[in-house]
Amino acid sequence: MNAEIGGDVHRAADMLRSGEVVAIPTETVYGLAANAFDPVAVLRVFKVKDRPAFDPLIVHVGDREQLAKVVKMWPDQAEALMDKFWPGPLTLVLPKRPEVSDLVTSGSDTVAVRMPAHPTTRELLKVTGFPLAAPSANPFGYVSPTTAEHVADQLGERIPYILDGGPCGIGVESTILAPLADGGWGLLRPGGVSLEALEPIIGRPTQRQDHGPQLLPGMLPSHYAPRKPVYMGDVEDLARRFHGRRTAVISFRSEHPAFRCEVLSPSGDLGEAAMHLFAVLRELDASPCEVILAEEFPEHGLGRAINDRLRRASAART
Ligand code: AMP
Ligand code: MG
């Protein structure tokens, strides 16, 4: 199999209807989608990604009607969050309906759901009529794809079709929240919606370390990682430590002396930096550099999601 790349929503919908998996564009990263109500298709997603079965998938819905087919009920604050942030990069973990396969949720009685904002995938969800279970379209543990070409590079031989929606506008995965028994909210993953934006509606969510039944791979210390070693910290110090090696620096706004330096946003825009992050990690991974040195980004807004991904990318080594 060698994936065709195209913009044909109806073709993608036909394949999904017949139980195939198809790569789809979202505003966060590209997803590897299957009919959420077809366990055989969902199983295929795990196989294509080499994803362990204990890592649950996010279900993507096009409207409230599809949401009601997936989720049993949701608290008033969840409704307020959906009103404010959907469609958009916010995932909520809510009680699942029995029709949702245990494979999607890894046996949990909760399901992670979101309504994506990308117009192509919104159109696709309208045409299929069923929700799509979709993790990021990359081999398990690797950097998520933000263009159709990224998907083709790694999974092109394993899937029939990549629905091309151009480069992803947000560039990091969704923020994941779960309601807690005490009425508060837990942050399972920082992402495309900042904590500052959530705060007026639900206050400050507690960090994932404070709760949660199990550690899921999206929360593992080492994940979202390129093959080259990544070190995070003061890049001047790190550059001294790796003197004589071909170092690549990932910096927020300014150039640093190195074999190669990638500035993610010269104007200091964290949204722009997030949008470029994964493409730059991939480029550096494919480049002749030996070591990737990443600056710590400001810990606010999308900077939290950037630091989270860089920390995990570096976790295997530091
Ligand atoms: P992704 O790999 O971007 O598709 O994100 C999937 C991640 O969503 C998982 O690794 C979990 O961290 C989280 N997730 C999905 N379903 C659930 C669930 N039922 N409960 C808690 N977290 C979930
Ligand atoms: Mg992923």
Side-chain angles (χ1 to χ4, degrees), residues 21 23-34 36 42 45-46 48-61 67 70-72 74 78 89-98 100-116 118 121 131-146 150-151 154-155 168 170-181 185-193 205-226 274 277-278 281-282 305 308-309 312-313:
V21 302
I24 59 166
T26 83
E27 73 279 21
T28 59
V29 301
Y30 273 71
L32 188 65
V42 170
V45 169
F46 283 90
V48 167
K49 270 189 70 109
D50 288 327
R51 184 175 174 113
F54 59 80
D55 191 6
L57 309 183
I58 294 173
V59 174
H60 294 70
V61 297
L67 174 70
V70 173
V71 174
K72 222 189 297 185
W74 53 92
L90 179 68
T91 297
L92 302 176
V93 175
L94 297 168
K96 87 174 183 80
R97 280 197 172 279
V100 179
S101 155
D102 281 341
L103 261 178
V104 171
T105 65
S106 303
S108 166
D109 52 11
T110 60
V111 60
V113 276
R114 87 172 186 99
M115 191 183 287
H118 196 291
T121 287
L132 296 170
S136 49
N138 53 284
F140 181 71
Y142 194 69
V143 180
S144 299
T146 53
H150 291 166
V151 182
Q154 289 186 305
L155 299 180
C168 301
I170 305 271
V172 288
E173 297 85 350
S174 58
T175 300
I176 307 181
L177 290 178
L180 303 177
W185 289 81
L187 176 70
L188 302 188
R189 176 175 73 190
V193 171
T206 55
Q207 299 290 312
R208 61 185 171 261
Q209 287 88 343
D210 305 336
H211 65 87
Q214 81 225 83
L215 255 187
L216 294 166
M219 314 173 191
L220 286 179
S222 166
H223 204 67
Y224 308 107
L277 176 68
F278 288 153
L281 279 172
R282 274 170 188 269
D308 174 77
R309 305 308 186 270
R312 285 169 216 268

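Just the heavy atoms: all of them, side chains too, but no hydrogens, waters or symmetry mates, feed the values below. Each ligand, and each atom within it, is numbered from 1 in the order the structure gives.
Within the protein, the number of N/O/S atoms found under 2.8 Å from the Mg ion (ligand 2) is 1.
For R114, no heavy-atom contact with ligand 1 is shorter than 4.0 Å. No part of T91 comes within 4.0 Å of ligand 1, judged by heavy-atom distances. Residue contacts with ligand 1, taken as heavy atom pairs separated by less than 4.0 Å, involve T110 via backbone and side-chain atoms alike. Under 4.0 angstrom from ligand 1, there are no non-hydrogen atoms of K96. Here V29 has no heavy atoms under 4.0 Å from ligand 1, in either its backbone or its side chain.
Using a 4.5 Å heavy-atom cutoff, the side chains of V111 and V71 are in contact. Counting heavy atoms from C-beta outward, L67 and M115 have side chains that stay 4.5 Å or more apart. For the pair H60/T121, no side-chain contact is recorded, criterion being any heavy-atom separation below 4.5 Å from C-beta on. By the 4.5 Å heavy-atom criterion applied to side chains, D50 and P139 are not counted as neighbours. Between D102 and K96, the closest side-chain pair of non-hydrogen atoms falls below 4.5 Å. Residues Q154 and P145 fail the side-chain proximity criterion, which asks for heavy atoms closer than 4.5 Å.
Residue contact annotation: T105 has no non-hydrogen atom under 4.0 Å from ligand 1.
Residue D55 approaches ligand 1 through these ligand atoms, each under 4.0 Å from one of its heavy atoms: 9 (C), 10 (O). With ligand atoms numbered from 1 in the order given, ligand 1 contributes 4 (O) to contacts under 4.0 Å with heavy atoms of P135. Those atoms of ligand 1 that come under 4.0 Å of a heavy atom in L188, given as number and element, are 21 (C), 22 (N).
Remark: D109 engages no residue in a salt bridge (Lys or Arg N to Asp or Glu O under 4.0 Å) (not counting sequence neighbours).
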Kindly determine whether E173 and S144 satisfy side chain to side chain donor-acceptor pair (under 3.5 Å), including the steps that lead there.
CA-CA 8 Å; E173 297 85 350; S144 299; 2.5 Å; yes
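For the atom pair NE2 (H118) and OH (Y30), the distance works out to 5.5 Å, reported to the nearest 0.5 Å.
Salt bridge present: E27 and R114 bring a charged side-chain N and a carboxylate O closer than 4.0 Å.
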